[in-house]
Amino acid sequence: MKPSDSIRLIIIQQLSSIPKGKVCTYGDLAKLVGYPNHARFVGSVLRHLPNDSRLPWHRVINGNGGISFTEDSDAYKLQRSLLEDEGIVFVNGRVKLAIYRMR
DNA sequence: GTTGTGACTACCA
DNA sequence: ATGGTAGCCACAA
């Protein structure tokens, strides 16, 4: 088992603890699990998640408060609608500040 | 080894 | 606000 595998597990564990209606950034998530500067790695972990995973991957957004997909992509539309279903409001492509962020 | 890549960030002009 | 750049670091080729 590679060291990065345990990081992966911790990231997934933290991810699953994000409550509905809240979101977290890649960088913050990385920092939460004790690995600052691993924002990209977090993204990489999410990218490799199985499609049937029940993890709330959609609650992870970038540091600008937006979705890290191009606006015309299917993934963008999916993530956004999932968040809006949880009551998260978007303003100008960004998550509205009042609801944005956990902890 | 080396190189290129990315669901990222922080800075700076 | 916006665009470019430079760190960042695991991973795949």
Side-chain angles (χ1 to χ4, degrees):
Chain A
M1 182 178 197
K2 289 181 302 184
S4 58
D5 286 335
S6 56
I7 304 178
R8 216 181 307 265
L9 292 178
I10 303 173
I11 289 174
I12 290 174
Q13 181 184 354
Q14 269 297 306
L15 171 63
S16 62
S17 77
I18 301 177
K20 179 181 168 198
K22 301 255 178 132
V23 294
C24 186
T25 70
Y26 296 93
D28 286 347
L29 193 48
K31 197 176 289 184
L32 279 179
V33 302
Y35 292 87
N37 308 331
H38 281 68
R40 298 188 94 127
F41 182 65
V42 171
S44 171
V45 170
L46 299 191
R47 181 164 54 86
H48 291 110
L49 284 179
N51 291 336
D52 54 7
S53 166
R54 275 164 245 183
L55 296 170
W57 59 270
H58 54 277
R59 300 191 189 136
V60 186
I61 61 181
N62 65 31
N64 293 316
I67 292 174
S68 289
F69 287 113
T70 54
E71 202 182 301
D72 54 345
S73 69
D74 291 358
Y76 176 95
K77 296 176 194 132
L78 173 60
Q79 180 169 11
R80 174 160 178 163
S81 67
L82 284 171
L83 290 175
E84 289 176 332
D85 284 350
E86 295 186 349
I88 291 176
V89 179
F90 281 79
V91 176
N92 201 352
R94 318 263 152 139
V95 170
K96 191 177 177 185
L97 246 58
I99 318 177
Y100 167 53
R101 295 214 177 214
M102 63 179 283
R103 281 168 70 97

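We use all heavy atoms of the structure for the numbers below, so side chains are in, but hydrogens, waters and symmetry mates are not. Proteins get letters first, then strands, A, B, ... in listed order; numbering begins at 1 in each.
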Review point. Which residues in residues 44-54 of chain A have at least one heavy atom lying under 4.0 Å from any atom of DNA chain B?
Key: A/Leu46, A/Arg47
Point to revise | Contacts of type salt bridge (charged side-chain N to carboxylate O under 4.0 Å, His left out), residue A/Arg80, not counting sequence neighbours | key: A/Glu84
**Study point:** Residues in side chain to side chain contact (heavy atoms under 4.5 Å, CB included) contact with A/Asn37, at least two apart in sequence or another chain
**Key:** none
Revision key, fill the gap. Reading nucleotides 8-13 of chain B from 5' to 3' and marking B where a protein heavy atom lies under 4.0 Å of the base, S where only the sugar-phosphate is that close, and - otherwise, the string is BS----
Once you round it to whole Å, what is the distance between [atom2] of [N] and [atom1] of [X]?
X: A/His38; N: B/dT5; atom1: NE2; atom2: P; value: 21 Å
X: A/Ile7; N: C/dC8; atom1: CD1; atom2: C1'; value: 14 Å
X: A/Lys77; N: B/dA7; atom1: NZ; atom2: P; value: 17 Å

Exercise for review: Look only at the side chain of A/Asn64 and the backbone of A/Gly66, and say whether a donor-acceptor pair between them is shorter than 3.5 Å.
Suggested key: no
Acceptor/donor pairs from residues 41-61 of chain A side chains to any protein atom, 3.5 angstrom cut, sequence neighbours excluded:
{"residue": "A/His48", "atom": "ND1", "partner": "A/Ser44", "partner atom": "O", "Å": "2.8"}
{"residue": "A/Ser53", "atom": "OG", "partner": "A/Leu55", "partner atom": "N", "Å": "3.1"}
{"residue": "A/His58", "atom": "NE2", "partner": "A/Glu86", "partner atom": "OE2", "Å": "3.0"}
{"residue": "A/Arg59", "atom": "NE", "partner": "A/Glu86", "partner atom": "OE1", "Å": "3.0"}
{"residue": "A/Arg59", "atom": "NE", "partner": "A/Glu86", "partner atom": "OE2", "Å": "3.1"}
{"residue": "A/Arg59", "atom": "NH1", "partner": "A/Ile18", "partner atom": "O", "Å": "2.6"}
{"residue": "A/Arg59", "atom": "NH2", "partner": "A/Glu86", "partner atom": "OE2", "Å": "2.8"}

Review point. Looking at side-chain heavy atoms only, is the closest gap between A/Leu83 and A/Phe90 below 4.5 Å?
Key: yes
Review point. Nearest 0.5 Å, what's the NE2-NZ distance between A/His38 and A/Lys31?
Key: 13.5 Å
Point to revise | Results of side-chain hydrogen bond (donor to acceptor under 3.5 Å, both in side chains) for A/Asp85 - residues two or more places apart only | key: none
Check your understanding: Closer than 4.0 Å, any side-chain N/O of A/Arg8 to the OP1 or OP2 of C/dC11?
Key -> yes
Study note, to complete from the structure: Taking every heavy atom of A/Cys24 against every heavy atom of A/Asp28, the minimum-distance pair comes out as SG-CB, 3.8 Å
